[in-house]
Amino acid sequence: MIRRLIPHPWLSVTLVLVWMLLVNRWAVGSLVFGAIIGVVVPLITAPYWPGASGYSKPQRIPAYLAIVIWDIAKANFTVARIVLFMPRRALQPAWIAVPLDLRRPEAITALAATITLTPGTVSCDLSEDGRALLVHAMHAPDPEAVLDEIKTRYEARLKEIFE
Amino acid sequence: MELLLSSAIGTLTAAGVYLILRLRTFAVVLGMTMLSYAINLFLFSTGRLVVNAPPILQKGVEVHTDPLPQALVLTAIVISFGMTAVVVMMALGAFIEGGDDRVDMPRADRMPGDDQA
Amino acid sequence: MIAYALYFAYGCFGLALLFCLYRVVFAPGLSDRVLALDTMAINMIALLTLFGIDKGTGMYFEASLLFAMVGFISTVAYAKFVLRGDIIE
Amino acid sequence: MIAEIVVSVLLVVGGFFGLVGSYGLVKLPDPMTRLHAPTKSATLGVGTVLIASLIWFPARHGALTWHELLITLFLFLTAPVTGYFIAKAHMHLGWSRDELPRPAPGKDWATFADPDKASLVDGRD
Amino acid sequence: MSPALIAVLPFIGALLPGLLIRSGRDVAAISCATATFVALLGLCLHIPAIMAGEVVTARFAWLPSLGLNAHFRIDGLGLLFGILILGIGLLIIAYARHYLSREDPVGVFYTYLMLFQGAMLGIVLSDNILLLLVFWELTSLSSFLLIGYWKHLPEGRQGARMALTVTGMGGLAMIAGMLILGNIAGSFDIGDILQAREAIQASPYYLPALLLILLGAFTKSAQFPFHFWLPHAMAAPTPVSAYLHSATMVKAGLFLMARLWPVLSGTPEWFYIVATTGLVTMVLAAWIAIFRDDLKSLLAFSTVSHLGLITMLLGFGTEAAAVAAVFHIINHATFKAALFMTAGIIDHETGTRSIARLGGLRRLMPVTFVIGTVAALSMAGIPPLNGFLSKELMLEEATHAAWQGSPVLVAAMATLGALFSVCYSLRFVWQVFFGPERQDYPHRPHDPGFGLWCAPALLVVLVVLIGLFPAGMAGWLVEASASAVTGTAQHPHLTLWHGVTPALMLSITALVGGALLLALNRRLLAMRAAMAWLDAKAIFDAVTRAATCAAGVFTDRLTNGSMSRAFAAFSLTVVLCGFWAFSTGGWQGATRPMLPVQPVPLVGWVALMVATCCMVAFHRHRILALVLVGIIGLMVSVSFIYLSAPDLALTQISVEVVTVILLLLALNFLPKFTVIDSRDRKRGMDAFVATLTGLGFGALAYVIMRSDFAFSPISEYMLANSYRLGGGDNVVNVILVDFRGYDTFGEITVLGIAALTIFALTETLLAGASGRRLRNWVHDSRRAGDRHPLMLVVVTRLVLPIALVVGLYIFLRGHNMPGGGFVAGLVVAVALVSQYMASGFAWAQERQKINYHALIGAGVIAAGLTGIGAWFAGLPFLSSTYGYVKLPGLEEFELASAMGFDLGVFLCVVGAVMLALNSLSRIARQAGATVNLDPMDIDPSKEARR
Amino acid sequence: MSHLIIAPVVLPAVIGPLIILWMRNDLLLQRVFSVAGTALLAGVALYLNLLAAGGEVQVYRLGNWAAPFGIVLMLDRLAALMLLLTAVLALAVQLYAIGSGWDRKGWHFHALWQFQLMGVCGAFLTGDAFNLFVFFEVLLIASYGLMIHGGGEMRLRAGVQYIAYNLAGSTLFLAALGVLYSVTGTLNMADMALRVAAMPAEDTALLRAGAVLLMLVFAVKAALVPLHFWLPSTYANAPGPVAALFAIMTKVGVYGIIRFFTLVFPQDAVTQSVAADLLLPAALFTLAIGQIGILGTRHLGRLAAFAAIGSIGTLMIAVAQFTPQGTAAAVYYLIHSTLAAGALFLIVDMIGARRGDLWLRLDRVMPGNGLVAALYFTAAIAVVGMPPFSGFIGKLLVMQATGAAPAMVWIWATILITSLIAIYAMSRAGSIVFWKSVELGPAPVPAPAAAAGPRLEPDEPIQNLGDAPANWLAVASVTLLLSGIVALTAFAGPAMRFAEATAAQLHNPDAYVSAVLEGQEDTK
Ligand code: NA
Ligand code: NA
């Protein structure tokens with residue numbers, strides 16, 4: 001029953017949060033209304049999200065987010081330096097094929113998003129079987145190192161969270 | 001500011017007119033879009049220009065810009081969207097039916113075809 | 001102090017807008033232009049936020065939110081068009 | 001006062017990154033590298049400005065608004081997808097499959113796969 | 001019997017054949033004859049009164065404010081013509097019954113004939129010149145139908161068209177003439193006009209009126225140079241020719257001249273125009289008639305000549321001449337109708353009307369011979385037949401007429417005309433009836449049955465009787481009608497013998513000369529052949545063909561289907577007219593100070609200008625152009641925000657994205673590049689037009705922004721009362737859903753209809769040939785491998801619900817903050833579109849079927865019901881109310897009835913946008929796209945689960 | 001305040017969506033509801049005419065807002081008359097559409113029809129300038145849908161032009177309204193009239209410009225030269241019944257000009273004779289070009305279209321006088337030309353259905369043509385203004401109304417000469433179509449195979465060629481229109497009295513203005 005009423009609990013939580021941010025008023029009334037929305041809207045969109053969602057270890061999410069935010073901040077300085085000071089010829093861009101251990105689409109998406117948001121790399125494409133991610137590195141004198149970092153720093157953590 | 005806006009209106013109009021004078025439907029549709037931007041700005045400007053005085057009543061705020069032209073522009077935007085959608089669809093239909101996207105009516109519209117004589 | 005910071009930020013994002021414009025006009029390919037347009041929308045959100053700080057009003061929040069949504073959708077649409085021709089298939 | 005300083009710093013930083021991101025769009029040599037600059041710097045630039053606004057309103061007007069946070073989250077949610085799509089468009093328009101590393105022997109990147117296949121994994125036609 | 005009833009009777013008669021035709025041809029003929037007879041009887045009942053000098057009238061108001069009234073009058077002139085029309089009409093009806101063949105649709109014929117008879121009778125009985133005009137034009141129309149009665153003959157078609165054109169032209173001129181005349185006289189009633197001779201002839205508009213009216217009369221009566229149509233009208237069946245083209249219609253012109261004679265005649269203008277035209281026509285037409293081979297054609301030109309004669313007499317302007325004219329009208333009608341019927345009999349019995357193929361009919365058709373000969377001799381003016389009498393009078397009057405001081409010119413010409421007349425008359429008799437019998441007639445000729453010859457025989461008897469006893473037979477009628485024409489009591493002295501007068505000498509000259517001329521016929525024919533080029537029909541044909549051709553070329557060149565010409569004309573008209581209007585008014589100069597320009601808006605302005613210019617420069621690269629549209633849209637909506645219009649910005653940006661999606665969907669099929677197919681010159685011109693328009697429009701905007709309102713705008717009331725009366729802080733929204741909710745009601749209807757139109761068009765396209773064409777569509781560009789990329793699908797699963805929540809928020813807040821039903825609808829639609837983009841329309845539709853039609857209908861009805869709801873409170877449509885509601889657990893919130901309206905807007909917008917996009921994407925799916933079963937192309941987890 | 005004043009808008013606005021909601025797939029139900037709706041509309045219009053005949057201008061304040069702040073509907077004689085004319089025309093033409101089967105050649109015919117009526121009625125009723133724009137758009141968008149009903153290449157191409165041109169026209173409309181608002185600060189027409197009257201004479205430039213732009217907007221709708229280019233291909237390619245209904249659409253433009261330039265910008269206002277100065281020459285050219293077009297075209301549909309243009313020329317000559325007499329003549333001629341054009345388009349459609357195409361060529365057989373021929377000639381007589389029908393009376397009225405005009409000679413000469421052209425052209429066309437030479441033998445029945453690939457159903461004749469009897473409903477509807485013309489002729493006196501009363505009301509706008517702006521105690 002609960003499962004059918006709230007097919008994606010995390011989505012419902014997110015929506016309540018979104019509603020609260022929108023109305024910008026932390027009152028009980030708003031929360032009740034938000035809760036209604038948190039139930040109704042996922043029900044409306046449920047057909048477009050078949051299958052279950054959720055995390056196996058949600059408690060690891062905050063740590064992961066912290067890492068990512070820190071990396072984003074770092075990335076911006078790195079990129080700024082490259083954009084402003086590095087001569088064009090010195091740039092060493094590289095394509096990197098990242099073989100994936102992740103299987104869940106949500107997890108793969110999270111990994112790809114992380115890669116894009118962090119320094120010097122953009123996730124560009126998925127292989128036709130979904131088992132590899134194509135990443136472009138802006139300046140990667142050592143592509144192997146980048147690959148390693150992705151696998152260990154992000155993918156491993158995401159695998160724990162999701163699968 | 002008035003000069004900027006009126007020159008923008010003029011430029012958008014000129015661009016729109018130039019494009020609707022082209023011979024292909026797509027260019028004409030683009031021209032229509034330009035013209036509708038121009039007219040929206042124009043109609044909006046008839047309320048005269050004020051910065052940071054949206055017509056939303058708040059305590060302690062006395063100055064509001066003229067809301068009426070805004071309401072009119074809103075209506076105009078919506079209507080011209082509907083019209084554009086139809087003209088796009090019709091242009092597409094004419095292209096699929098006729099095989100080209102010329103705007104001008106072919107001669108067969110005015111003269112009987114020789115094949116039928 | 002906040003005023004100067006604001007002016008600086010205004011200047012930065014205004015200039016950024018011009019850079020984007022340059023990339024729209026002079027670009028080797030379509031995807032560069034789409035990228036520039038997307039960036040423009042994002043810069044616009046920044047400018048709007050600055051305007052809101054400057055004027056002390058939250059009136060422009062909905063617009064910013066919509067800019068973000070619209071930027072996303074239209075970029076995907078342009079790209080999907082380039083990739084597949086049919087954007088809703 | 002502290003808030004003002006923080007906000008000012010954030011504004012300056014945000015402005016700087018916004019500018020750098022767009023400058024990269026002009027300066028960087030090829031489309032793929034140009035893709036890096038705006039998706040990151042502009043995102044952070046705007047993010048910083050939004051956070052500045054988030055701090056500024058309660059500090060100055062005594063009213064906390066969470067709207068900016070929402071926009072930031074939304075941008076962070078969608079930026080990877082736009083980047084992903086623009087990259088795919090780049091690949092589609094400007095790259096051949098031989099210039100890229102292969103995902104696996106005999107496999108292609110999705111962009112280069114057979115466009116008429118109904119579902120890539122199912123292999124149905 | 002009322003004159004009005006008499007005038008109406010033929011029209012009633014016109015209905016009878018149609019109603020009775022199933023009962024047979026005789027019934028049709030008899031019914032028409034009855035109507036005609038009753039009318040004639042009714043007319044004759046008035047003879048005593050008219051002879052006593054009375055005018056019988058009937059008056060019915062029709063359109064008094066114009067002066068057009070159903071006023072009828074019977075006076076002597078009307079009586080004369082009425083008797084002619086009805087009397088000969090009766091004979092024609094009888095004659096036609098036997099003349100028409102079994103294949104001919106007789107009912108139609110009689111209907112046309114009666115229509116014509118009614119029109120003609122209407123002319124002569126009208127007491128109102130506008131009413132007269134109505135009947136006048138009706139004769140043109142009904143004669144058009146009669147001439148074209150034999151549809152299989154091309155000559156009939158051409159002749160009918162020519163007659164209609166020429167007489168129609170005259171009729172139109174007459175409209176102007178009559179209006180002028182009536183306006184001078186201050187009334188359109190003939191009785192009043194006849195009293196206004198001085199005023200009319202003194203008016204500066206006399207000459208124009210005269211010319212215009214005469215143009216009508218001359219064309220109808222086939223006067224030179226409009227004589228050419230009449231012979232070609234002979235393509236009509238002979239009864240028609242006999243009726244219309246000898247006895248009645250062609251005399252309408254004469255009637256009109258006679259009718260207006262008291263007010264128009266007597267001036268030099270009248271004399272020189274009318275008499276000269278008549279004279280020239282008489283001589284020329286008689287000359288032509290000599291050489292015609294076709295019997296009917298000969299008679300036709302002879303008719304023209306005699307009409308000229310009468311016209312001339314009227315033109316003399318003297319009362320004696322008028323008397324002669326009236327008398328000749330009677331005489332001509334009798335012998336010419338008889339002659340036409342004779343010609344018809346000959347045609348009917350021998351199968352030809354060509355004089356060259358006839359001859360020697362004297363013994364074969366004795367009855368016809370007698371009838372034809374007597375009538376022809378009367379036409380030649382041989383005593384003691386009636387034609388002689390009136391010709392004598394004519395020659396008499398001709399000797400009194402001086403043309404530019406020359407006393408003999410008119411007499412000489414008139415004699416010449418008479419001479420020609422003798423010649424063709426004798427030729428008619430001689431070459432048809434005399435000479436050796438031939439063996440090569442198309443049919444073996446013999447006299448027809450009584451039914452066919454009785455009518456002409458009756459006329460011929462009249463010819464003789466009038467000739468012998470003019471005073472007794474026709475004196476009273478001439479007296480009555482001449483009195484009516486001249487406006488003074490006339491007592492004409494009609495006798496066969498006037499003694500030896502100059503007229504008699506001229507008459508004898510004509511007779512002898514005519515006979516001699518006939519003897520010389522062969523040599524004359526050769527002469528005639530040399531000048532055959534002067535064929536009026538050829539000229540008419542050339543003129544009409546040239547006119548048709550010129551009109552065709554003109555129309556084709558002008559309205560050539562060129563859109564850019566239409567737009568250029570539009571733009572230039574707008575700019576030039578606008579400039580003219582502005583520059584001819586006063587402007588007091590700028591009264592408002594300018595807002596200072598900040599750097600950031602300046603940057604925005606630069607971006608807008610650059611993008612716009614690039615758009616024009618790069619518009620051939622269509623996708624690029626769309627990207628530039630995106631920039632322009634962004635800049636425009638940002639300017640709205642900067643200039644205090646957040647609602648506009650929201651709407652503009654969300655509409656723009658939907659537009660772009662729409663254009664992208666269409667562009668999938670359209671060419672991706674526009675070819676250059678206009679020349680440099682055209683592009684230069686276009687740029688000029690565009691620049692001019694841009695300058696004009698920009699300048700107008702500038703002037704407006706620098707001027708103050710002349711009056712305080714009504715929006716001040718809205719700002720003041722938005723919250724108090726409308727219950728909303730967002731004044732724009734309150735205007736939209738309340739102050740001007742009715743506009744919005746129309747606006748969402750527009751959107752809904754647009755979507756329906758798109759849907760209907762899509763259905764039609766998919767059903768027809770284009771559906772097949774689409775199925776075989778070959779995409780013109782290479783396509784990437786995945787349609788539903790995993791990342792997009794996953795992110796959309798979050799974005800869609802969030803966007804829905806945002807849409808809800810915008811909807812609920814719209815009354816007080818920027819937003820509202822429209823923007824919310826667009827946001828939701830865009831969110832749904834993103835879902836469709838991610839997973840495909842087919843999959844998404846299959847998962848959750850949304851009936852967009854129903855959404856549109858529900859939206860419009862919801863908005864409408866909100867409006868109608870007010871009726872139950874006794875208030876007008878769309879009257880709103882609002883209040884604050886407190887529900888347990890929730891905060892107090894405002895509930896305005898206007899929100900119900902806004903909900904309608906929301907539903908309609910969602911439905912319309914989705915229906916439109918759905919339709920467009922259906923076209924794409926028709927073009928060979930396969931349908932996916934999964935939301936995403938690649939789903940590694942699925943494989944793992946397996 | 002009678003709620004029935006808004007019924008002409010609400011009624012179709014409800015029936016249209018209902019058809020979409022519940023009758024999408026049931027044509028019979030659609031037909032019944034739609035015809036019933038139109039008939040009801042005609043009844044309401046009749047009632048409103050009786051209401052308006054009292055001479056008092058009726059006001060309906062939407063949303064109960066006080067004028068000039070809210071939108072008002074105004075019912076005066078002219079508005080009522082236009083409503084009735086619309087309803088009658090629509091009813092007759094709708095029956096034709098059903099009888100001829102046009103309504104099954106595509107989707108949503110009846111819904112669009114209702115929306116079209118909603119738009120037209122809304123435009124006639126409104127007393128608000130911007131609302132007029134909105135309802136112009138409603139009627140236009142519905143007309144787009146109807147115009148391309150059934151599809152086909154030419155129709156779609158013509159449709160694209162039609163929309164594009166009218167989009168430009170709508171843009172101009174907004175510009176004109178913007179200019180007028182920027183000066184007067186109001187949108188209510190009566191209020192605007194007051195403000196224009198109070199305008200200082202030395203500050204009229206913007207006002208004049210706005211007035212002229214507005215006039216041009218209406219001129220586009222009315223297809224006045226040189227803004228007429230959209231009309232021929234549109235009308236010739238539109239489905240017959242739709243073209244017939246469009247007879248009222250050009251009149252909406254005429255209505256706009258009459259309304260605005262008698263109420264807001266009368267001749268004696270500070271804007272002076274800004275409209276008349278431009279209108280009269282344009283009207284003369286329109287008349288000439290229309291009538292020349294009748295002669296010049298080789299297609300019956302275009303012939304009817306040019307005839308429509310020509311009639312607008314005549315009408316506008318009368319309107320451009322801006323005298324009570326001219327306006328009265330215009331009102332009379334307007335009724336006539338609407339009915340005549342409607343009938344002519346329907347008859348042309350009948351011809352096309354029986355003959356296979358509408359090209360004016362001698363090699364086409366038209367079997368069983370007696371009835372159609374009679375109808376054609378009747379309509380043609382009415383259209384070219386020959387007696388005995390109302391066209392002639394209308395022409396006389398127009399000429400009489402212009403008898404004292406400075407340009408009288410030009411006007412009369414143009415009217416008469418172009419009439420001659422039209423008479424010749426119409427008789428030529430009629431004789432080509434109906435009086436064919438049998439020597440040519442029967443032309444081949446147009447075979448679908450001749451075209452490239454199978455054709456869409458709409459391109460095929462509605463009825464089988466040959467001896468199919470005319471559909472009684474179709475004939476009845478044409479007859480209904482033609483009998484309207486006959487009635488207008490026979491009862492010209494009463495009709496003209498009504499027209500004169502209408503003109504008098506229009507040229508004395510004070511009553512209109514005070515009806516709107518005074519006595520508003522019960523409103524918000
Ligand atoms: Na990265
Ligand atoms: Na709103």
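Being a predicted model, the structure only gives us computed values, none of them experimental. Chain letters run A, B, ... following the sequence lines, proteins first, then strands; residues in each count from 1. Keep in mind that the numbers below use all heavy atoms, side chains included, and drop hydrogens, waters and symmetry copies.
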Side chain, backbone, both or neither: which part of [X] has a non-hydrogen atom closer than 4.5 Å to chain F?
{"X": "E/Y149", "value": "neither"}
{"X": "E/D708", "value": "backbone"}
{"X": "E/L572", "value": "neither"}
{"X": "E/M718", "value": "side chain"}
{"X": "E/F135", "value": "neither"}
{"X": "E/F582", "value": "both"}
{"X": "E/F697", "value": "side chain"}

Assess the side chains of E/N721 and E/R724: does a donor N or O sit below 3.5 Å from an acceptor N or O?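 On atom types as modelled, these side chains qualify, holding a pair under 3.5 Å.
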Without hydrogens or angle criteria, can the side chains of F/E500 and E/S65 be said to hold a donor-acceptor pair below 3.5 Å?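 The criterion, which ignores hydrogens and geometry beyond distance, is satisfied for E/S65 and F/E500.
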Would you please classify the geometry between the [Y] ring and the [X] ring as parallel, tilted or perpendicular, with 30° and 60° separating the classes?
{"X": "F/Y165", "Y": "E/F570", "answer": "perpendicular"}
{"X": "F/H3", "Y": "F/Y60", "answer": "perpendicular"}
{"X": "E/F745", "Y": "E/F901", "answer": "tilted"}

Quick one: of [options], who has the most non-hydrogen atom pairs under 4.5 Å with chain E?
{"options": "F/A211, F/P226, F/G70", "answer": "F/P226"}
{"options": "F/N131, F/V9, F/V138, F/I415", "answer": "F/N131"}
{"options": "F/G178, F/G430, F/G106, F/S419", "answer": "F/S419"}

Where [X] and [Y] come nearest, the two heavy atoms and their spacing:
{"X": "E/V860", "Y": "E/I748", "result": "CA-CD1, 4.4 Å"}
{"X": "F/P387", "Y": "F/I381", "result": "O-CG2, 3.5 Å"}
{"X": "E/A70", "Y": "E/L131", "result": "CA-CD2, 3.8 Å"}

Chain F interface, residue from [options] that has the most non-hydrogen pairs under 4.5 Å:
{"options": "E/L68, E/N69, E/L558", "result": "E/L558"}
{"options": "E/T744, E/V703, E/N183", "result": "E/N183"}
{"options": "E/R565, E/Q158, E/H853, E/M162", "result": "E/H853"}
{"options": "E/P64, E/G168, E/S712", "result": "E/S712"}
{"options": "E/L878, E/I714, E/T555, E/T757", "result": "E/I714"}
{"options": "E/P105, E/G859, E/A160, E/G746", "result": "E/G746"}

Side chain, backbone, both or neither: which part of F/L213 has a heavy atom under 4.5 Å from chain E?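 Answer is side chain: those atoms of F/L213 sit under 4.5 Å from chain E.
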Contact part of F/A198 toward chain E, heavy-atom cut-off under 4.5 Å: side chain, backbone, both or neither?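 It is both, since atoms from each part get that close.
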Check step by step if side chain to side chain donor-acceptor pair (under 3.5 Å) holds for F/S431 and E/R161. CA-CA 8 Å; F/S431 64; E/R161 221 187 284 162; 3.1 Å; yes
Before you tell me yes or no, could you show the steps for F/Q272 and F/D277 under side chain to side chain contact (heavy atoms under 4.5 Å, CB included), namely the whole-Å CA-CA distance, both residues' side-chain angles and the distance that decides it to 0.1 Å? CA-CA 9 Å; F/Q272 294 169 323; F/D277 291 350; over 6 Å; no
Please check if atom CH2 in F/W22 has more than 12 non-hydrogen atoms from other residues, nucleotides or ligands closer than 6.0 Å.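 It does not: F/W22 CH2 has 12 such atoms or fewer within range.
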